[in-house]
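Any value given below was found using the heavy atoms of this structure, including those in side chains, with hydrogens, waters and symmetry copies removed. Here is the naming used below: chain letters follow the sequence lines, and residue numbers restart at 1 for every chain.
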Protein chains: 2
Amino acid sequence: MTSQKERQKKTEENIIHALLEAGKNKTLAQISVSDITRISHINRGTFYLHYLDKNDLVNQVTKNFNDKVELILQTEMGDSMDYRYFSKDEPYPVIMNLVDLVAENKELVRFMLGTNGDPEFYPTISKELKTAILNDLKRVKGNNDFSAGIPNEYAIRLITSMIMTIIKTWVDGEGDLTNEMVAKVIMKGLYLSPYEMLGISGNMGNKKGNEKS
Amino acid sequence: MTSQKERQKKTEENIIHALLEAGKNKTLAQISVSDITRISHINRGTFYLHYLDKNDLVNQVTKNFNDKVELILQTEMGDSMDYRYFSKDEPYPVIMNLVDLVAENKELVRFMLGTNGDPEFYPTISKELKTAILNDLKRVKGNNDFSAGIPNEYAIRLITSMIMTIIKTWVDGEGDLTNEMVAKVIMKGLYLSPYEMLGISGNMGNKKGNEKS
DNA sequence: CAATTAATCAACACGGTGTTCATTATATGA
DNA sequence: TCATATAATGAACACCGTGTTGATTAATTG
């Protein structure tokens with residue numbers, strides 16, 4: 001029935017599941033290999049047959065996810081900043097694919113982005129996003145700097161943090177929003193200012209300045 | 001010369017300094033009490049005369065900072081969303097005070113917000129900001145929901161993450177921006193969309209929709 | 001100078017780590 | 001089916017950081 005590889009795979013799945021389970025009560029740092037093996041009813045020695053240590057486990061799990069993110073960014077990013085998507089009120093394919101990926105790994109993302117998770121998770125994905133966005137910007141606007149009074153580094157970090165914040169809000173929440181709804185929220189996050197989102201005098205601070213009084 | 005209290009205070013300052021020093025190479029979780037006492041040339045037993053454990057140390061340090069944040073938010077928030085500041089191109093006093101506070105504790109904030117820092121640091125300040133903003137919104141717009149197609153929870157989290165991102169970018173960077181410049185960047189973050197910041201067709205996705213096809 | 005308090009030092013049991021080696025359980029394929 | 005791999009178990013090991021204790025030294029106070 002079960003091959004040797006399937007047997008190993010099942011053990012590793014148990015280990016990963018136990019990691020996420022332990023993560024409900026403890027920080028990643030507080031979780032011990034002993035915790036994981038206790039929860040997964042696996043011998044502690046067995047753990048070390050599969051992973052070098054706890055860090056190795058976490059690295060493999062997160063790298064697996066990050067690779068999928070990179071794949072999406074590298075293959076789908078070309079369509080971003082295409083105005084047609086706005087006129088159709090459709091999210092960029094990149095965005096849609098990323099959201100779908102998150103949906104497929106919601107528990108993992110919730111844990112890793114959460115207080116108990118891996119502090120490296122957010123920065124790693126953030127950096128991937130940042131690179132992809134920068135490439136597209138250069139393609140659209142040329143190599144020069146593209147600031148409206150705001151240093152590039154700030155502007156780009158704000159975009160990535162906007163995307164990450166929406167995703168985090170989504171996985172943290174009750175999950176009532178569909179994938180497409182979340183993708184559309186991200187799209188709005190690109191062309192709406194915070195005050196516009198809140199319905200606060202959308203034009204009071206337009207770029208031309210306002211000398212009403 | 002040095003009183004007993006000053007003696008103790010100096011020891012605690014050494015401990016805190018050693019914590020930040022150790023944080024340059026290790027995660028907060030990886031830092032051991034032994035690390036801290038080695039760096040500060042203090043007996044390990046002495047550490048336990050001042051703090052219950054490593055967590056207690058971190059909690060005291062962060063709580064001290066967070067209390068100052070709350071004080072600013074509670075005393076200065078009233079002026080926020082006052083249009084006059086926009087017409088004068090001046091940052092809200094709240095923003096200015098927060099930026100000044102960060103400037104005074106730059107190394108601490110850099111560490112705590114960084115990958116090696118306390119995973120609770122960001123969420124705690126974020127929650128404080130969120131509460132303050134919500135209170136002001138209710139004051140300005142009444143108790144109802146204030147969405148422009150974006151759920152409230154998302155919109156408010158986006159504002160706080162925008163502020164936090166700018167602050168993190170600042171403390172991470174070379175520090176070339178002055179306090180006032182950073183405060184102004186935050187102000188722009190309130191009424192500019194990411195695409196507007198990057199100088200990308202600021203009106204292509206306005207709220208009325210664009211059916212140019 | 002005597003009393004008080006801060007800091008040091010050595011020793012302790014405890015718990016998790018990563019490794020080892022022998023043993024048991026399961027799958028493979030001739 | 002049976003011998004052979006290989007996956008998983010179980011027990012033991014030294015190592016390291018923890019948090020505590022009790023005795024000692026150092027510094028401040030009045």
ask   = What is the distance from CZ of R7(B) to C1' of dT28(D), rounded to the nearest Å?
value = 7 Å
inquiry  = Test of understanding: with salt bridge (charged side-chain N to carboxylate O under 4.0 Å, His left out), list the residues that count as partners of E21(A), not counting sequence neighbours.
reply    = K24(A)
message = I need a per-nucleotide contact map over nucleotides 10-17 of chain C, read 5' to 3'. Cutoff is protein heavy atoms under 4.0 Å; write B for the base, S for backbone only, - otherwise.
response = -B----SB
Salt bridge (charged side-chain N to carboxylate O under 4.0 Å, His left out) partners of residues 111-128 of chain A, not counting sequence neighbours, each pair once = none
message = With rounding to the nearest 0.5 angstrom, report the CD1 to CG distance, I39(B) to N25(B).
response = 7.5 Å
query = Which heavy-atom pair separates M164(A) from S126(A) by the least distance, and what is that distance?
reply = CG-OG, 4.4 Å
task = With sequence neighbours left out, write down each residue that passes side chain to side chain donor-acceptor pair (under 3.5 Å) with E104(A), or none if nothing qualifies.
result = none
message = If you take any heavy atom closer than 4.0 Å to DNA chain D, which residues from residues 11-20 of chain A end up in contact?
response = T11(A)
task = Would you mind telling me which of L129(B), I163(B), N179(B), I186(B) makes a side-chain contact (heavy atoms from CB on, under 4.5 Å) with L98(B)?
result = L129(B)
query = Between dA25(C) atom C1' and K10(A) atom NZ, what is the distance in whole Å?
reply = 16 Å
request  = Using the salt bridge (charged side-chain N to carboxylate O under 4.0 Å, His left out) rule, collect all pairs that involve residues 159-171 of chain B, keeping only residues at least two apart or in two chains.
outcome  = K168(B)-D172(B)
Rounded distance in Å - CD1 (I36(B)) to C1' (dG17(D)) = 12 Å
request  = Look at all strands and tell whether L49(B) reaches a base, only sugar-phosphate, or nothing, counting heavy atoms closer than 4.0 Å.
outcome  = base
task = Specify the separation, in whole Å, of atom NZ of K9(A) and atom P of dT26(C).
result = 21 Å
Rounded distance (Å) that lies between atom P of dC9(C) and atom CZ of F47(B) = 18 Å
Residue pairs passing the ring pair (Phe, Tyr, Trp, His ring centres under 6.0 Å) test where at least one lies in residues 106-142 of chain B, sequence neighbours excluded = F65(B)-F121(B)
remark   = side chain to side chain donor-acceptor pair (under 3.5 Å) pairs touching residues 9-18 of chain A, sequence neighbours excluded, are E12(A)-H50(A)
query = Does H50(B) place a side-chain N or O at less than 4.0 Å from the phosphate oxygens OP1/OP2 of dA7(C)?
reply = yes
Quick one: which protein N/O atoms are closer than 3.5 Å to N/O atoms of nucleotides 1-5 of chain D? Pair and distance per line, please.
none

Set of side-chain contact (heavy atoms from CB on, under 4.5 Å) partners for K63(B), sequence neighbours left out = D67(B)
ask   = So, for L28(B) and G117(B), which heavy atoms are closest and what is the spacing to 0.1 Å?
value = CB-O, 3.8 Å
request  = Report the residues that fulfil side chain to side chain donor-acceptor pair (under 3.5 Å) with D35(B), sequence neighbours left out, ordered by chain and then residue number.
outcome  = K26(B), S32(B), R38(B)
query = When rounded to the nearest 0.5 angstrom, what is the spacing between CD in E90(B) and CE in M96(B)?
reply = 10.5 Å
query = Separation of Q8(B) atom CD from dT4(C) atom C1', in whole Å?
reply = 13 Å
task = Could you tell me whether a side-chain N or O of R110(B) sits under 3.5 Å from a main-chain N or O of V171(B), the two making a donor and an acceptor?
result = yes
ask   = Does dT28(D) have OP1 or OP2 sitting under 4.0 Å from an N or O in the side chain of S3(B)?
value = no
query = Heavy atom of residues 22-30 of chain B under 4.0 Å from DNA chain D: which residues?
reply = none
Rounded interatomic separation in angstrom, taking CG from L52(B) and C1' from dT18(D) = 14 Å
